[in-house]
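These notes concern the structure reproduced below.
Counting from 1, the numbers follow the sequence of the chain as shown. Keep in mind that this is a model prediction, so the values were computed, not measured. Atoms considered below: every heavy atom in the structure, side chains included; atoms not considered: hydrogens, waters and symmetry mates. As the structure lists them, so they are numbered: ligands from 1, and atoms in each ligand from 1.
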Amino acid sequence: MRWMAAILILPALCRAGDLGPVTLPAPQKTGGMKLMQALNERKSTREFATQKLPPQVLSDLLWAAWGVNRPDGRRTAPSASNRQEMDIYVATADGLYLYQAKEHRLQPVTSDDLRGSTGTQDYVKQAAVNLVYVADLAKMGNGSAESKAMYSGADTGFISQNVYLYCASEGLVTVVRASVDRDALAKAMHLRPDQRITLAQSVGYPKK
Ligand SMILES: Cc1cc2nc3c(=O)[nH]c(=O)nc-3n(C[C@H](O)[C@H](O)[C@H](O)COP(=O)(O)O)c2cc1C
């Protein structure tokens with residue numbers, strides 16, 4: 001059956017081109033702005049500088065968003081019944097990656113720059129990073145479509161707020177977005193039929 005695995009994996013390897021997995025630096029889990037101050041500074045911003053995020057900042061951002069924070073594998077955000085159905089895809093100028101929280105690394109998906117496809121608004125393509133929140137319905141049990149949409153929407157909200165607070169703390173700017181052409185983006189991202197894009201979120205440095 002090894003040849004079957006190879007047939008499944010090969011197209012993904014070709015799409016990823018020269019991109020290899022990116023091992024992120026260990027996240028810095030201390031420091032940052034005081035919580036009450038970060039809450040006071042949390043806001044949506046829609047203007048971005050084109051400057052890339054350094055690896056440490058990307059590492060800290062993703063850990064804050066949805067990293068593993070306990071030895072049993074639980075995460076920085078809650079999820080309904082701890083199903084952990086959300087995935088974060090990271091769209092950068094270099095390509096699209098899947099954040100693998102357990103290994104704290106980025107798995108390449110495609111070398112295409114999909115930032116502009118992650119939203120319908122012009123500023124989206126300027127942001128250094130666009131996070132795409134994707135629910136894996138296969139991890140959500142036998143509930144109704146309505147309950148899966150409700151839980152995955154709520155679980156996305158917690159992750160998104162973690163990103164907002166990290167950005168406030170680090171002097172980054174961000175906006176969460178529902179305005180996404182989900183069918184077109186799912187196709188460009190090569191998602192499976194049981195994966196659903198919930199929201200996207202742009203992150204970057206402020207425009208001077
Ligand atoms: C579920 C959700 C969807 C949103 N979708 C968009 C969007 O598509 N485009 C956008 O520019 N802002 C979007 N926003 C950001 C809101 O417009 C913003 O949070 C609101 O205006 C309040 O501003 P504040 O975040 O600075 O408090 C969305 C926010 C939420 C919570």
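For atom 8 (O) of ligand 1, the closest heavy atom belonging to the protein is S179 N, 2.8 Å. Protein heavy atom nearest atom 12 (N) of ligand 1, with residue, atom name and distance: R46 NH2, 3.1 Å. Counting only heavy atoms of the protein, atom 5 (N) of ligand 1 lies nearest to A178 N, 2.9 Å. Looking at atom 29 (C) of ligand 1, its nearest protein heavy atom turns out to be V176 CG1, 3.4 Å. Looking from atom 27 (O) of ligand 1 to the surrounding protein, the closest heavy atom is R42 NH2, 2.6 Å. The single protein non-hydrogen atom nearest to atom 26 (O) of ligand 1 is S44 N, 2.8 Å, given as residue, atom name and distance.
Distance check for atom 20 (C) of ligand 1: every protein heavy atom is found at 4.0 Å or beyond.
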| task | Show your reasoning for whether salt bridge (Lys or Arg N to Asp or Glu O under 4.0 Å) applies to D94 and K52. | result | CA-CA 10 Å; D94 301 329; K52 287 185 176 182; 3.2 Å; yes
| request: Let me see the working for Q84 and S79 under side-chain hydrogen bond (donor to acceptor under 3.5 Å, both in side chains), right down to the final yes or no. | output: CA-CA 6 Å; Q84 302 190 7; S79 63; 5.4 Å; no
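With a 4.0 Å heavy-atom cut-off, ligand 1 is reached by the side chain of V175 but not by its N, CA, C or O.
A donor-acceptor distance shorter than 3.5 angstrom exists from the side chain of D155 to the backbone of A80, with no hydrogens or angles considered.
Both Y166 and L199 are part of a single hydrophobic cluster, where members link through side-chain heavy atoms under 4.5 Å apart. Cluster membership check: Y133 shares its hydrophobic cluster with L172, using side-chain heavy-atom separations under 4.5 Å among Ile, Leu, Val, Met, Phe, Trp and Tyr.
Here the shortest heavy-atom pairing between M189 and V109 reads O-CG1, 3.7 Å. Of all non-hydrogen atoms in A77 and A65, the two that sit nearest each other are CB-O, 4.0 Å.
The ligand atoms of ligand 1 that sit less than 4.0 angstrom from a heavy atom of K43 are 26 (O). Using a 4.0 Å cut-off to heavy atoms of Q121, the atoms of ligand 1 that qualify are 7 (C), 8 (O), 9 (N), 10 (C), 11 (O).
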